[in-house]
2 protein chains.
Amino acid sequence: MKKDKDASTEEKIIEAARKVFTRKGYAATRTRDIAQESGLNLALLNYYFRSKEKLFEIIMAEKVVQLFGTIAPIVNNMDTSLEKKAGDIADAYITMLVNNPGLPLFVLSEIRNNPQMFGDKIHAGKILTESYFVKQIQERRPDINPLHLMLNLLGMSIFPFICQPVLEGANVITGRAFESLVAERKNLIGIWFNALLEA
Amino acid sequence: MKKDKDASTEEKIIEAARKVFTRKGYAATRTRDIAQESGLNLALLNYYFRSKEKLFEIIMAEKVVQLFGTIAPIVNNMDTSLEKKAGDIADAYITMLVNNPGLPLFVLSEIRNNPQMFGDKIHAGKILTESYFVKQIQERRPDINPLHLMLNLLGMSIFPFICQPVLEGANVITGRAFESLVAERKNLIGIWFNALLEA
DNA sequence: CTACAATTTAATCATTTGATTAATACATTT
DNA sequence: AAATGTATTAATCAAATGATTAAATTGTAG
């Protein structure tokens, strides 16, 4: 008797599900799309993962970690300055998002479509309210809500990727040029954040 | 013979469709949801608007105009300074988005799910590349791509609303407090944008 | 090799879903 | 009021969709 179900088949399904779910979202995804993308029989999805919903939960959990976990080690580093952290956060996000440009729109849309599904599972809360980075912001600028500066930093890093489909669709900037633009931002956002700290 | 089909019924369907489509997205929306939301018979959707898709196109066109048209008059105003325009843009967006918080995520998601549907229909292209506002940015800072500053300004204005479901879900900030926060930003973004112009 | 368990497949099921239809109700014109 | 066109409804259809099943295939242990 085989102890493990075939890891390769399971992994093929996960890979296909990751691709299709993140490209089309949960509601627009057909289990048959995933089967075709994986090259496997439709019934195997239910054999290895009970249902479309269970399969989605796996992908979603993975993507939530990818989106919110990227900066977790940075924001709680006790050994770096506020300015250094800001630059590191922008760099970490942009580096990751260049390889996963659709990630933010996917995760944020699905959370919006099913808010109750993500009660406390998201450590975004702690990052935005209890992290060492936030404390450093509060020390520097006790006069304003630190969430303002967090939103500015995250927006400068993430928002371009959220807009990418529009930028491409409207021929504002395409493929290669987009990547150059966001690469520039890896360095610029640190500078800009410093300016915002003074403003 | 009645010349006009009953405007009231047509409008009830549009209103219900607007509510359901923007809340759940095209793929997750059932025509029966719209019928129920409107309190009308399901067949009336097809009687007045041929299909789910046609009905969606109407709502989508409306929402695209709402999202991209909000700042169109501002960015091409020849009589205001760069600084004034930045503040006006933030104010106009935030004022509109407080009443339509789900708008950006809805429009951007649908464009992402169906990019070819919006070839040139979107004047976002002109706003981001040919507007008088962009020219003013270029004059002031010929050393950097003006798209950087456009993305920063739009991101500071719009990104908080894209994150709202996460902020609420993670109890970072809720309902009333969120509205206060973004209201503060109406004034702050102008100041911040000036700081970015100097940075 | 044989027997047994795990995997894979094609066919099928029960619901859901967008759409249509035929009958009925309502309004307007003459 | 009769006739005609418009609006609304309940019932129904066909296709799509998530899931299951029973049979076939493959792999493994004894």
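Chain A is the first sequence line, chain B the second, and so forth, proteins listed ahead of strands; every chain is numbered from 1.
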Starting at [atom1] of [X] and ending at [atom2] of [N], how long is that distance when rounded to a whole Å?
X       : N      : atom1 : atom2 : value
A:Lys12 : C:dT8  : NZ    : C1'   : 12 Å
B:Ile13 : D:dT8  : CD1   : C1'   : 11 Å
A:Leu42 : D:dT17 : CG    : C1'   : 9 Å
A:Asn46 : C:dA11 : CG    : P     : 18 Å
B:Arg30 : D:dA16 : CZ    : C1'   : 11 Å
A:Leu44 : D:dT21 : CG    : P     : 16 Å
A:Glu53 : D:dT17 : CD    : C1'   : 15 Å
A:Tyr47 : C:dA5  : OH    : C1'   : 9 Å

Side-chain N,O ([X]) to OP1/OP2 ([N]) below 4.0 Å:
X       : N      : answer
B:Thr31 : C:dG18 : yes
A:Thr9  : C:dT7  : no
A:Tyr48 : C:dT8  : yes
A:Asn41 : C:dT8  : no

Practice problem: Look at the aromatic rings of A:Phe56 and A:Phe21 and report parallel, tilted or perpendicular, splitting at 30° and 60°. | Solution: perpendicular
Quiz item: Mapping A:Arg32 and A:Gly39 to their closest nucleotides on DNA chain C, which lands nearer the 5' end?
Solution: A:Gly39
Quiz item: Which residue, A:Leu40 or B:Ala43, contacts DNA chain C at a nucleotide closer to its 5' end, judged by nearest heavy atom?
Solution: A:Leu40
Practice problem: May I ask you to check whether B:Tyr26 and B:Phe106 place their ring centers less than 6.0 Å from one another? | Solution: no
Does either side chain, that of [X] or that of [Y], offer a donor lying less than 3.5 Å from an acceptor on the other one?
X        : Y        : result
A:Lys63  : A:Thr22  : no
A:Arg185 : B:Asn145 : no
B:Ser109 : B:Asn113 : no

